[in-house]
Participant: 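Quick one: structure below, then a few questions.
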Number of protein chains: 2
Amino acid sequence: MTKKKNNKRQGITIERVAAEAGVSKTTVSFVLNNNSSISEKTREKVLKVISELGYQPNTNARNLSAKTNQTISLVLPELGHVFEDQYFARALSGIYDEIEAEDYRLMLKKASYEFALNKEYINLFLRKEIGGMLYLGSTLEDKYLKDFADGDFPFVLVNSTLEGIELPRVIADYRGAGAIAARHLIELGHRRIAHISGSWSTFSARERQFGYLKALADAGISFDESLIVEGHFDREETRRATKNLMSLSEPPTAIFTSNDVMAFGVLDALKEMSISVPKDVSLIGGDNIEASGLTVPALTSVEQPIYEIARECVRLLIDLIEGNDEPKVRIWPSKLIIRESTAVPHENKIEKRRNISTELSTRK
Amino acid sequence: MTKKKNNKRQGITIERVAAEAGVSKTTVSFVLNNNSSISEKTREKVLKVISELGYQPNTNARNLSAKTNQTISLVLPELGHVFEDQYFARALSGIYDEIEAEDYRLMLKKASYEFALNKEYINLFLRKEIGGMLYLGSTLEDKYLKDFADGDFPFVLVNSTLEGIELPRVIADYRGAGAIAARHLIELGHRRIAHISGSWSTFSARERQFGYLKALADAGISFDESLIVEGHFDREETRRATKNLMSLSEPPTAIFTSNDVMAFGVLDALKEMSISVPKDVSLIGGDNIEASGLTVPALTSVEQPIYEIARECVRLLIDLIEGNDEPKVRIWPSKLIIRESTAVPHENKIEKRRNISTELSTRK
DNA sequence: GCCATTTGCAAAACCGTTTTACTAAACTAG
DNA sequence: CTAGTTTAGTAAAACGGTTTTGCAAATGGC
């Protein structure tokens, strides 16, 4: 386990390059780091030798000397669980792509119990193994995250919020999402707009609901409590909720759900009840997952572009690492993707449809 | 982008620990690295100071000085694609868990075109950023992988084989999988055993077929060409193939597929044809995916334990990194998970069932 | 009781960079 | 023409560890 054969071949060092090019180590280092005080002639000479020798600077030495670290650790909940979910796959893609583009490296860490207990998340910084950390998910206890609010390690939350702790983060504009969906329906002429929300214990569900209520209020529509129900992000539960909604003495003419899977549940119920979308009822989903463009009718959906949000998180983090920005909260606009599941309400069909562009976005 | 505020707080160094404990740097280093020539008294004194100060050795300095690196890079094809696939999720879990257990770190890399073009996979070693590399998937061109066969960088293939290149790897015993499945059916009394295989262009499909043929031959059963068909790892294609098989003048009494999804295709077809499993036809799948325990009847399947294989890959790689093993190929045994979809053939039902344990494994 | 060996630790060298301090030469201003 | 300022580069000192070498004290054998 620890016995080592010493078969490591000696690498090419800056010293070797310097000798070969007939300059000092300093000069080679200056060339590598684009220091301006090097003549074009010398620079070219050095670069030529570097390329001939296939020299690559030793990252450990560089980090040690320059006190930098270009590695970012991504902390995730249970891995097995994670990767079944499109949400995480998209987030990871965004994070990776931006890290790659900025010439940083990505280190993966699982937020296990031990990870938290041993304060491993802090030790990574103390050992200078990473320059910054991203957190994606919600497994670490609040009290551990508090360490980051206190300490001044570069740390960014990916699209999540923790009550009472002010941490740098980039989050989707869920409030705007609720508002933009409601506004679109109101503009079409709907007045009885139901909202089947995710679990009210979640930040995103509450925020969406807030936006929805605000849009109604702004339009002078007093809201009907019986039109707001909890669907728990579940397709089947939403199917049942929809049946109840449509059995009201005065059923809604439009439904807005927290995500697309729930919207599929609405479609299930309406199909069973032979209610047509969008002729009889308009429908808006959320998240704009891939399948949403393929349903009949294709689903209008409020997009939370997690890939872009993830990239922005990395940019914010790198700004923090490199010390040229203050910790901050960035809110990423939601976008309404208008497809076929929304239309003017039945009773208004005679009215002229207003001009509506096919993409609307919050916080423009 | 490059301008930095110098707000990095000075960390605690080995020098500080040494001073505080009243010993030399050497002694502290010896304590950290379990060098035996330190008295118990001194060791305890030093450990106490380390813990009080919360000292964590600087990994960059350590790697630079000791010429080691405890980071392993996992190279993957397209990330988005990866995380929707259970196979990759399982492999990643195994890789992560073993790396964590060995106190190494996991760096993620995407096998992009640029990654190959710039020989980035080699540069990671030259820059001393990683100690070893794992490759999971099949996107890199053979010619790039050749560099690893030539160079002596610690490199291990995770459950894959490339023709003509001898690279260290751990692979599932696909040949044994084919054999163990066929043998189980033969022992039950089957003689007409069909095999619906994956694409013949793949290593795993060919190997499984080879094992199947060998088992038949060993049992003195001459095989019928018409019972061996290609199902291309596809459920629908396998459904059609099954219908053809069952329409033969002398249909098989048992079917063995390359994986479980294909076995589901067989179930689809047999259900349509009102053929009962296992009463009329016995069925064995492959890979033992989660859903296989839930079908009716529950599916007998040959398991290729990718999680375990992945862990073994990491162990092999670390052995190579630490120089106490030779590059080698390890073959991981397949295991037959016997559930409800296999039974003695209809015409033999009067015979006594032989004793069969519920788990069989190749290469015992 | 004496010499040889082992034990326990420290001093110094080294790992491969960046950074700081300095200098000679070239240029500029007056 | 001279003093001051750039320019282009170098030598040496960090960075924070590990490893090698050295040495005094303790131990062991006879």
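Throughout, protein chains are lettered first and strands after them, A, B, ... in sequence-line order, and every chain is numbered starting at 1.
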Participant: I need the CD1-P distance between B:Ile38 and C:dA10, as an integer number of Å.
Facilitator: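 Spelled out: CD1 on B:Ile38 to P on C:dA10 is 8 Å.
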Participant: Is it the case that the side chains of A:Thr26 and A:Ser29 hold a donor-acceptor pair, with the cut-off being a distance below 3.5 Å and no angle test?
Facilitator: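 There is no such pair between these side chains.
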Participant: Expected output is a numbered-order residue list: members of residues 24-31 of chain B with a heavy atom under 4.0 Å from any atom of DNA chain C. What is it?
Facilitator: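 Only B:Ser24, B:Thr26, B:Thr27 qualify.
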Participant: Determine, using ring centers only, whether A:Phe148 and A:Tyr135 are less than 6.0 Å apart.
Facilitator: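 Between A:Phe148 and A:Tyr135, which both carry aromatic rings, the centre distance is not below 6.0 Å.
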Participant: May I have the distance from B:Leu126 (atom CG) to C:dT17 (atom P), rounded to whole angstrom?
Facilitator: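 Whole-Å distance recorded here is 11 Å.
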Participant: Of all residues at least two apart in sequence or in a different chain, which pass the side chain to side chain donor-acceptor pair (under 3.5 Å) check with A:Glu98?
Facilitator: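 Result, side chain to side chain donor-acceptor pair (under 3.5 Å) vs A:Glu98: A:Arg311, A:Arg315.
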Participant: I want to verify a distance call: between D:dT19, C:dG16, D:dA8, whose nearest atom is closest to the B:Ala66 side chain?
Facilitator: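 Of D:dT19, C:dG16, D:dA8, D:dT19 is nearest to the side chain of B:Ala66.
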Participant: Return the value, rounded to whole Å, for the distance between atom CG of B:Asn69 and atom P of D:dT18.
Facilitator: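 Taking CG of B:Asn69 and P of D:dT18, I get 14 Å after rounding.
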Participant: Report the residue (B:Leu64 or B:Gly22) whose heavy-atom-nearest nucleotide on DNA chain C is the more 5′ of the two.
Facilitator: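 The residue closer to the strand's 5' end, by nearest nucleotide, is B:Gly22.
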Participant: Can you list the residues that meet the ring-ring contact (aromatic ring centres under 6.0 Å, His included) rule with A:Tyr55, with sequence neighbours excluded?
Facilitator: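 By the ring-ring contact (aromatic ring centres under 6.0 Å, His included) rule, A:Tyr55 matches no residue at all.
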Participant: Please list every donor-acceptor pair under 3.5 Å in which a side-chain atom of residues 43-53 of chain A meets a protein atom from a residue at least two apart or in another chain.
Facilitator:
unit_1  : atom_1 : unit_2  : atom_2 : d
A:Arg43 : NH2    : A:Asn35 : O      : 3.3
A:Lys48 : NZ     : A:Glu52 : OE2    : 3.4

Participant: As a test of reading the structure: which of D:dT18, D:dG16, D:dA14 is closest to the side chain of B:Leu32, going by heavy atoms?
Facilitator: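 Nucleotide nearest to B:Leu32's side chain: D:dT18.
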Participant: Would you say a side-chain N or O of B:Thr42 is under 4.0 Å from OP1 or OP2 of C:dC9?
Facilitator: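 For C:dC9, OP1 or OP2 has a side-chain N or O of B:Thr42 closer than 4.0 Å.
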Participant: For the pair made of CD1 in B:Ile12 and P in D:dC15, what is the distance, rounded to whole Å?
Facilitator: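 Roughly 16 Å, once rounded to whole Å.
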Participant: Separation of B:Gln56 atom CD from D:dG16 atom C1', in whole Å?
Facilitator: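 Distance check: B:Gln56 CD to D:dG16 C1' gives 14 Å.
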Participant: To the nearest angstrom, how far is A:Asn35 atom CG from C:dT19 atom C1'?
Facilitator: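 Whole-Å distance recorded here is 10 Å.
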Participant: Can you name the salt bridge (Lys or Arg N to Asp or Glu O under 4.0 Å) partners of A:Arg16, sequence neighbours left out?
Facilitator: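 Testing A:Arg16 for salt bridge (Lys or Arg N to Asp or Glu O under 4.0 Å), a comparison that skips the adjacent residues, returns A:Glu20.
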Participant: Atom CD of B:Gln70 to atom P of D:dT18: distance rounded to whole Å?
Facilitator: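 One finds 12 Å between P of D:dT18 and CD of B:Gln70, rounded.
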Participant: Check every strand shown and say whether A:Asn33 touches a base, only sugar-phosphate, or nothing at a heavy-atom separation below 4.0 Å.
Facilitator: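 Result for A:Asn33 = sugar-phosphate.
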Participant: Donor-acceptor pair under 3.5 Å: do we get one between A:Thr13's side chain and the base of C:dG16?
Facilitator: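 There is none.
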Participant: Under the rule for ring-ring contact (aromatic ring centres under 6.0 Å, His included), what residues qualify as partners of A:Phe30, not counting sequence neighbours?
Facilitator: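 For A:Phe30 there are no ring-ring contact (aromatic ring centres under 6.0 Å, His included) partners, ignoring immediate neighbours.
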Participant: Looking at B:Asn63, does any N or O in its side chain come under 4.0 Å of the phosphate oxygens OP1/OP2 on D:dG17?
Facilitator: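 Result: no.
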Participant: What's the closest nucleotide to the A:Ala61 side chain, out of C:dG16, D:dG17, D:dA8?
Facilitator: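 Selected nucleotide (nearest to the side chain): C:dG16.
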Participant: B:Lys128 NZ to C:dC14 P: how many Å, rounded?
Facilitator: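 My rounded result for the distance is 19 Å.
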